[in-house]
Number of protein chains: 2
Amino acid sequence: MTTRWLTPEEQRAWRAYIAASRLLEDAIDRQLQQEGGMPHLFYSVLANLSDAPDRRLRMTDLAETLKITRSRLTYAVTRLERDGLVRRENCRWDKRSSLAVLTDEGTAVLERTAPGHVETVRALLFDRITPEQVRQLEEICTGIARGLQGEDDGAGAATEDVPWRRRSTPCQGSTAD
Amino acid sequence: MTTRWLTPEEQRAWRAYIAASRLLEDAIDRQLQQEGGMPHLFYSVLANLSDAPDRRLRMTDLAETLKITRSRLTYAVTRLERDGLVRRENCRWDKRSSLAVLTDEGTAVLERTAPGHVETVRALLFDRITPEQVRQLEEICTGIARGLQGEDDGAGAATEDVPWRRRSTPCQGSTAD
DNA sequence: TAAGTTTGTTTCAAAGTTGAACCAAGCCGT
DNA sequence: ACGGCTTGGTTCAACTTTGAAACAAACTTA
């Protein structure tokens with residue numbers, strides 16, 4: 001079958017998207033690196049832990065919400081652990097699992113870093129688009145993400161609710177990425 | 001001044017965006033790595049050269065359109081050169097500049113790889129959003145990108161039109177990223 | 001319960017990225 | 001023509017990411 005090339009509109013959108021996403025990530029990484037001494041992903045690890053019940057999360061669950069590989073997360077947590085911002089803990093119910101726990105120092109760093117980060121995200125993104133566009137963006141991205149993750153883990157049966165699989169309870173969450 | 005945290009809508013949009021962009025890039029990188037033996041960025045280098053007049057571009061110009069650092073581009077081109085897909089050439093007008101030139105082999109690889117790539121972009125993105133959303137996406141991304149690049153090079157005087165700075169002439173361009 | 005499978009995590013080497021430092025070559029004013 | 005500034009590109013070490021392989025602890029089933 002002959003390739004369905006992109007229409008001119010699609011091409012423009014695609015190029016704009018590539019450009020925007022690269023520029024945005026770069027800018028955020030730079031800001032966070034300068035003011036927090038860590039790349040965006042590492043910040044997200046802290047932020048997600050901070051929003052989790054008891055400030056701890058299983059490696060796999062964290063990797064899944066962050067949409068990264070387990071291997072990548074292992075590296076990040078190892079580094080954050082070396083810096084004392086996170087600590088590893090063994091899961092009591094499943095000896096295979098390990099939990100990443102946000103330390104007090106990690107919390108402090110996060111609290112010190114969050115305002116600048118949010119400021120940046122605002123300045124670069126939300127201050128530049130209308131509320132209507134915020135909705136559109138969410139809508140678009142949600143759809144894309146759904147298509148991309150569901151592919152293998154099927155929208156099938158809900159995960160059994162064993163204690164160590166409990167999903168995060170509502171929290172403040174103003175810093176999470 | 002107290003931080004202006006993200007509203008719930010903004011948070012949802014931000015998270016959705018992060019998730020979608022990570023998943024999307026990963027999927028595209030995987031596809032291209034498998035079927036083309038190179039990451040997305042390297043493909044984009046080939047695609048952009050292919051669309052350039054005479055299939056060649058100054059390193060700086062290429063880096064600028066790709067929104068990456070010169071250093072990163074140097075690495076990519078070095079690798080592509082090793083693989084014979086790109087060749088470096090000295091600029092006749094400015095001895096500092098070097099041009100990246102797409103070789104015949106590079107063209108061949110690109111032509112062989114492009115359909116699969118476009119297919120993927122379609123399947124993961126454009127087949128999942130409405131034409132209206134394509135427009136919205138372009139609009140949003142264009143705005144963000146504008147804000148992010150203009151910051152230092154000011155929207156000021158247009159670059160002088162010396163021969164080796166000539167901007168690309170219209171081409172087919174159905175594969176460019 | 002032993003064998004086989006799946007799940008959770010880490011390890012390791014190869015690949016790619018970052019940012020600062022460096023070297024030329026052009027540009028400008030004197 | 002000389003010094004100083006800017007521009008184009010590369011280099012290098014430190015860091016991060018990738019993906020396959022290795023382990024170990026559950027789970028399943030005969």
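All chains are named by letter (A, B, ...) in the order of the sequence lines, taking the proteins before the strands, and each is independently numbered beginning at 1. All heavy atoms count here, side chains included; hydrogens, waters and symmetry mates do not.
A salt bridge is absent between B:Asp26 and B:Arg22: the closest approach of a Lys/Arg side-chain nitrogen to an acidic carboxylate oxygen does not fall below 4.0 angstrom. Ion pair B:Glu10/B:Arg12 not flagged as a salt bridge, since none of the NZ, NE, NH1 or NH2 atoms sits closer than 4.0 Å to an Asp/Glu carboxylate oxygen. Checked for salt-bridge contact, B:Glu81 and B:Arg87 miss the test: no charged N lies under 4.0 Å from a carboxylate O.
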Inset, instruction - Please report the C-alpha distance between A:Glu105 and A:Thr103 in whole Å, then the side-chain angles of each, then the deciding distance to 0.1 Å, and finally whether the side chain to side chain donor-acceptor pair (under 3.5 Å) criterion is met. - result: CA-CA 5 Å; A:Glu105 196 185 340; A:Thr103 64; 5.3 Å; no

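The aromatic rings of A:Tyr17 and B:Tyr17 stand perpendicular to each other, their planes meeting at an angle above 60°, with 30° marking the opposite boundary.
Comparing C:dT18, D:dT18, D:dT16 against the side chain of B:Arg72 picks out C:dT18 as the nearest. Out of C:dT10, D:dT18, C:dT9, the shortest distance to the side chain of A:Arg88 is found at C:dT10. Comparing C:dG16, C:dT9, C:dG26 by their closest approach to the side chain of B:Arg79 singles out C:dG16. Closest contact between the side chain of A:Ser98 and the listed nucleotides C:dG8, C:dT10, C:dG16 involves C:dT10. The side chain of B:Ser71 sits closest to D:dC12 out of D:dT17, D:dG9, D:dC12. Comparing C:dG8, D:dT18, C:dT17 by their closest approach to the side chain of B:Tyr75 singles out C:dT17.
Atom CG in B:Asp94 sits about 12 Å away from atom C1' in D:dT6, given to the nearest Å. Distance CZ (B:Arg22) to C1' (D:dT16): 13 Å, rounded to an integer number of Å. Computed from coordinates, the A:Glu25 CD to D:dT16 C1' distance equals 13 Å when rounded to whole Å. Atom-to-atom, CG of A:Leu73 to P of C:dT9 comes out at 9 Å; the value is rounded to the nearest Å. In this structure, B:Asn90 atom CG and C:dG26 atom P are separated by 11 Å, rounded to whole Å. Regarding B:Arg70, its CZ atom lies at a distance of 17 Å from the P atom of C:dT17, rounded to whole Å. Taking atom CZ on B:Phe42 and atom C1' on C:dA14, their separation rounds to 13 Å, with Å as the unit. Atom-to-atom, CD1 of B:Ile68 to P of D:dT10 comes out at 12 Å; the value is rounded to the nearest Å.
Side-chain N/O atoms of A:Thr60 include none lying less than 4.0 angstrom from OP1 or OP2 on C:dT7.
Residues B:Leu99 and B:Asn90 are not in side-chain contact: their nearest non-hydrogen atoms beyond the backbone lie 4.5 Å or more apart.
Counting only distance, with no hydrogens or angles, the side chain of A:Ser50 and the backbone of A:Leu46 share no donor-acceptor pair below 3.5 Å.
Of the two residues near DNA chain C, B:Lys95 and B:Gln33, the one whose nearest nucleotide lies more 5' is B:Gln33. When the nearest nucleotides of DNA chain C are assigned to A:Gln34 and B:Leu41 by heavy-atom distance, the more 5′-ward of the two goes with B:Leu41.
Judged by distance alone with a 3.5 Å cut-off, a donor-acceptor contact links the side chain of B:Arg96 to the base of D:dT7.
The side chain to side chain contact (heavy atoms under 4.5 Å, CB included) check on B:Asp54 picks up B:Arg56, with sequence neighbours excluded.
Residue A:Thr74 is classed as a base contact, given a heavy-atom separation below 4.0 Å to a base.
Axis angle across the helix from C:dT1-D:dA30 to C:dT30-D:dA1, with five pairs used at each end and values rounded to 10°: 20°.
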